[in-house]
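Small disclaimer: the values here were computed from a predicted structure and weren't measured.
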Amino acid sequence: MKDIIQNIIEKTLKGLHLPVPGFSVDYPKNQKFGDFSSNVSLLLSKELKRNPREIAEELLPKLSGEKCFSKVEIAGAGFLNFFVADSFYREILKDILNKKESYGRLDINKGKTADLEWVSANPTGPLHAGHGRQVCLGKAIANLLEWTGYDLTREYYYNDAGNQMNNLAKSVYARYMQKFDPDFPFPDDGYAGDYIKEIAEEIYNEKKNSLKDSEDISYFKKKGEESNFNRIKNTLAKFGIQHNVFFSETALYKNGDIEKLLKLFEDKGASRVEEGATWLIMDKDRFQKDKVIVKATGEPTYRLPDMAYHINKVNREFDLMVDIFGSDHGDTYKEVLYGMELAGYETQNIKVIIHQMVTFKMGEESVKMSKRSDNVYYLDDLIDDVGVDATQLFFVMRSANTHLDFDIELAKDRSDKNPVYYLQYAHARICGIFRNAEENIKDFNEEYLSKEYVISEPEALELIKVLSKFPEEVKSSYEVLEPHKLIYYLNSVAEMFHKFYHNNRIINLEDMDRTYARLQVCESAKKVLKNGFSIIGISAPERM
RNA sequence: GCGCCCGUAGCUCAGUUGGAUAGAGCAACAGCCUUCUAAGCUGUGGGUCGAAUGUUCGAAUCAUUCCGGGCGUACCA
């Protein structure tokens, strides 16, 4: 709709031989300023050095002639305010009822491919509650990408070649050995969680004492990785998340990519050797100092495989690649991208989303999440405490780049305090109305959906106006990859529906035309809520 | 020290490609259930948008400086 108005204004400007500035069409905050407003004459006044109201007066007669407006006004310093004709809203309603589950789906990225990499926790243990932010954010962004038409690959990259996995192996081995000798030393930097004991227990049950005092602990690594991955995948499954690709760092060693990249840096003179380590030469304007890519021990640091991994992705020719990282990786991804540029690869199709950390609060108490202690608040614990939907909504509700305070007591609360229920209740309420319709209206069937009725209730028109914004909201949420915007929008849908419901009895057997008209409005609100929920990743309950 | 992010109502946060009277939820207070779910609706109170200066028709939004908080600044990932 905004686009339509934008086009009309452009057409009018050209008709009057005026320049076309980069003006905007917006929804005004205050209703008395109409359904849409534009700052076009203010911008023109700057360019033409003329009074903005004067310019607006000149545009007005042409714009008022357009049939989709009931009224066009000049206000304030020279804003143009547009009032949309009622017939427009009936068209919107028809559109929603036709498109149903696909209302809001866009084709702006049809035929393009995208890759979203997220979670990517190393399989050294179960996901903890802090991972939840990334898990849920990624889930919503994945949906958002698909709703704009992308053919999406969901990807999980894990480092299984470094120290952390050796630590895992040592930790499992120590727990296994403690079955025989309770005093067997546990490594200082080992993983203390109980799940390690469980893995050791499994190995013991399977192998008994046959691995006792073994030199080669690779079996412990393999079992540990397997078991931890199962836990992680199991947790992700609770959110309905299934990655298409699990990409292992080891694969990059096996196929020679890492060696190739190192050679490439050497040939280009982009690296140097000092004190036995290989350093990548960084641009001093952007980075403080050079970075080690191969340690003196001969092992690469995480940077080199990360670069090789992203080059691998670029070579798979996605139109868009999105990575989601926590703020602790805020600087390192820049190094990785810079490294890729040095190697001669384009990075402009890679978008990186950085999210800030999460603090969990249980009432006044804050909950700790240290991996080293065995008193960890796992993501599974959080789901058990507050449920999948509340977890998803709470994590996605805020913009990614601000710190998040997760109030567990509030999320757990099954009352009106909890924002999850406000949204879901609107959907459940509509379902209740349809249950009522099926029971009380003789021969109730869906034929009424294709008929045209008069809609006159002001709340209904307001509601339809809000519903008409849904596709634009999906688009603007997509453009910045910030699904929380959609939640605020859906909140306004729920709010307008509740007002409509409160002031108008939907089903009135005395006046079936009006009943059907209102049911059409309910049906379209239900579709927008359901479609919106499916993007942000929460369920649409039929009853509550 | 340097880099990135943040500072908006008592609390948690929207709003930041410059636009009209700065919003929501919770908390506080006052109303609305013989009618499709009151997990709802209606109303009241609550603000130096961290501070200052600048840019201009106009600044929560942009620039500079300062103050306060988080993360990073590894031959950890």
For atom [atom1] of [X] and atom [atom2] of [N], their distance in whole Å:
{"X": "Y422(A)", "N": "G40(B)", "atom1": "OH", "atom2": "P", "result": "7 Å"}
{"X": "F82(A)", "N": "A20(B)", "atom1": "CZ", "atom2": "C1'", "result": "16 Å"}
{"X": "M357(A)", "N": "C6(B)", "atom1": "CE", "atom2": "C1'", "result": "14 Å"}
{"X": "E459(A)", "N": "G40(B)", "atom1": "CD", "atom2": "P", "result": "18 Å"}
{"X": "L393(A)", "N": "A39(B)", "atom1": "CG", "atom2": "P", "result": "19 Å"}
{"X": "I506(A)", "N": "G40(B)", "atom1": "CD1", "atom2": "C1'", "result": "13 Å"}
{"X": "I433(A)", "N": "G40(B)", "atom1": "CD1", "atom2": "P", "result": "15 Å"}
{"X": "F287(A)", "N": "C2(B)", "atom1": "CZ", "atom2": "P", "result": "18 Å"}

Measure from the side chain of [X], starting at C-beta and using heavy atoms only, and say which of [options] lies closest.
{"X": "Q356(A)", "options": "U35(B), C26(B), G70(B)", "result": "G70(B)"}
{"X": "S37(A)", "options": "U35(B), A20(B), G3(B)", "result": "A20(B)"}
{"X": "F79(A)", "options": "A20(B), A27(B), A39(B)", "result": "A20(B)"}

Which letters describe nucleotides 7-17 of chain B, given B = protein heavy atom under 4.0 Å from base, S = only from sugar-phosphate, - = neither?
-----BSSS--
How does protein reach along nucleotides 72-77 of chain B, written 5' to 3' as B (base within reach of a heavy atom under 4.0 Å), S (only sugar-phosphate), or - (no contact)?
B-SBSB
Over all strands shown, is [X] touching base, sugar-phosphate only, or nothing at heavy-atom distances under 4.0 angstrom?
{"X": "R286(A)", "answer": "nothing"}
{"X": "M544(A)", "answer": "base"}
{"X": "D413(A)", "answer": "nothing"}
{"X": "A428(A)", "answer": "base"}
{"X": "F434(A)", "answer": "nothing"}
{"X": "D160(A)", "answer": "nothing"}

Look through every strand shown and name the nucleotide pairing with [N] as Watson-Crick or G-U wobble, where both distances are under 3.5 Å.
{"N": "C66(B)", "result": "G50(B)"}
{"N": "C57(B)", "result": "G19(B)"}
{"N": "C11(B)", "result": "G25(B)"}
{"N": "A39(B)", "result": "none"}
{"N": "C33(B)", "result": "none"}

Should the pair [X]-[Y] be classified as a salt bridge under the 4.0 Å nitrogen-to-oxygen rule?
{"X": "E459(A)", "Y": "K499(A)", "value": "no"}
{"X": "K412(A)", "Y": "D407(A)", "value": "no"}
{"X": "K527(A)", "Y": "E523(A)", "value": "yes"}
{"X": "E73(A)", "Y": "K71(A)", "value": "yes"}
{"X": "E462(A)", "Y": "K465(A)", "value": "yes"}

For the [atom1] atoms, the ones on [N] and on [M], what distance do you get once it is rounded to whole angstrom?
{"N": "C6(B)", "M": "G10(B)", "atom1": "P", "value": "22 Å"}
{"N": "U8(B)", "M": "G69(B)", "atom1": "P", "value": "14 Å"}
{"N": "A77(B)", "M": "A39(B)", "atom1": "C1'", "value": "44 Å"}
{"N": "A9(B)", "M": "A22(B)", "atom1": "P", "value": "14 Å"}
{"N": "G47(B)", "M": "U65(B)", "atom1": "C1'", "value": "25 Å"}
{"N": "A28(B)", "M": "A14(B)", "atom1": "C1'", "value": "22 Å"}
{"N": "C29(B)", "M": "G18(B)", "atom1": "P", "value": "43 Å"}
{"N": "U12(B)", "M": "U44(B)", "atom1": "C1'", "value": "22 Å"}

Under 3.5 Å, is there a donor-acceptor pair between the side chain of H427(A) and the main chain of P541(A)?
yes
Quick check: does any side chain N or O of N418(A) sit under 3.5 Å from a backbone N or O of D413(A), one acting as donor and the other as acceptor?
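Checking the backbone N and O of D413(A) against the side chain of N418(A), a donor-acceptor pair under 3.5 Å is found.
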Since syn is defined as within 90° of 0, does C33(B) count as syn or as anti?
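Here C33(B) takes the syn form, which means its glycosidic angle is within 90° of 0.
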Please determine whether side-chain hydrogen bond (donor to acceptor under 3.5 Å, both in side chains) holds for the pair H310(A) and D323(A), giving the CA-CA distance in whole Å, both sets of side-chain angles, and the decisive distance to 0.1 Å.
CA-CA 10 Å; H310(A) 279 87; D323(A) 291 346; 2.5 Å; yes
Dump the intermediate steps for salt bridge (charged side-chain N to carboxylate O under 4.0 Å, His left out) on E155(A) and K313(A), then the final yes or no.
CA-CA 10 Å; E155(A) 187 149 336; K313(A) 265 201 263 195; 5.2 Å; no
Lys/Arg cation over aromatic Y501(A): R429(A), 6.0 Å, 45° cone:
yes
Can the positive tip of K417(A) be found less than 6.0 Å from the middle of the six-membered ring of Y422(A), inside 45° of the ring normal?
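That pair does not qualify as a cation-pi contact.
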Exactly one of R272(A), M307(A), E335(A) should register a side-chain contact (heavy atoms from CB on, under 4.5 Å) with L280(A). Which one does?
M307(A)
Presence of R543(A) side-chain N/O under 4.0 Å of A39(B) phosphate oxygens OP1/OP2
no
